[in-house]
Structures are given as structure tokens and as C-alpha cells.
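Heads up, the thing below is written out as C-alpha cells.
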Amino acid sequence: MSLAKPAMRGLLGKRLRFHLPIAFALSLVAAAAFKYGVTGPRKQAYADFYKQYDTTKEFNNMRDAGVFESVRTTGE
């Protein structure tokens, strides 16, 4: 009893026809999950932060803390 020869001719093409659509679909799923799971909430967090952010108040706090060398603090 002899073993059957392996089918080597056309093996790469056959494997690619099977695995390439699966890889493409999984990459689309991963991209969509990243877009809606990471970047969407991140954009919303930035938008919420800058709705409440007061640049003048933050500047005055940094000026009073002595962060700037070219601006005098309010106490001087």
C-alpha cells in the first residue's frame, strides 16, 4: 500500500482563494472596530473638554503660577 501524492500544483492559488477574502474581511472588521471603539470616543472626549475649557482662566492660572517669563504675575 502506497501513500497518495500530495497535491502541490496550484496549492498557493487554492490557499489564497480561501484565505485572502477572510483576511480582507477581518481587516475591515478591525478597522471599523478601531474607528468606532477608539477614535469616536476620543473625538467626543476632546469635544467635551474644549466645550468647558476657558483659555483666559487657564492663562491667568499659569501667569499666577509663574510659568511665563515675559509676563508679570498679578501680585507684582
Side-chain angles (χ1 to χ4, degrees):
M1 182 151 77
S2 64
L3 295 174
K5 288 188 174 182
M8 300 301 279
R9 187 176 303 268
L11 184 63
L12 178 63
K14 191 168 100 175
R15 300 281 293 186
L16 281 177
R17 276 193 299 275
F18 178 75
H19 287 105
L20 200 60
I22 293 171
F24 187 72
L26 287 177
S27 67
L28 287 178
V29 168
F34 187 79
K35 180 181 181 346
Y36 293 111
V38 176
T39 59
R42 185 179 293 169
K43 279 184 177 181
Q44 188 61 42
Y46 275 105
D48 293 342
F49 175 77
Y50 282 109
K51 280 181 192 173
Q52 306 291 330
Y53 188 69
D54 185 14
T55 56
T56 307
K57 180 182 169 189
E58 193 67 29
F59 170 75
N60 290 333
N61 288 340
M62 287 190 284
R63 182 183 64 193
D64 293 341
V67 173
F68 305 116
E69 294 178 3
S70 62
V71 179
R72 291 192 196 126
T73 59
T74 56
E76 292 182 13

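Quick caveat, the model's predicted, so the values are computed rather than measured.
- Residue Val67 is found in a hydrophobic cluster whose other members, listed by chain and number, are Phe59, Met62, Phe68, Val71; membership requires side-chain heavy atoms under 4.5 Å apart, directly or through intermediates.
- Scanning all heavy atoms of the two residues, the minimum distance from Arg63 to Arg72 falls at CD-O, 3.2 Å.
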Show the atom names and distances, to 0.1 Å, of all donor-acceptor pairs under 3.5 Å that link a side chain in residues 5-20 to residues at least two apart or in another chain.
{"unit_1": "His19", "atom_1": "ND1", "unit_2": "Arg15", "atom_2": "O", "d": "3.1"}

Without placing hydrogens or testing angles, list every side-chain donor-acceptor pair under 3.5 Å for residues 25-44, not counting sequence neighbours.
{"unit_1": "Ser27", "atom_1": "OG", "unit_2": "Ala23", "atom_2": "O", "d": "3.4"}
{"unit_1": "Ser27", "atom_1": "OG", "unit_2": "Phe24", "atom_2": "O", "d": "2.7"}
{"unit_1": "Thr39", "atom_1": "OG1", "unit_2": "Lys35", "atom_2": "O", "d": "2.6"}
{"unit_1": "Gln44", "atom_1": "NE2", "unit_2": "Asp48", "atom_2": "OD1", "d": "3.0"}

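- Between Tyr50 and Tyr53, the two ring planes are perpendicular [angle over 60°; tilted spans 30° to 60°].
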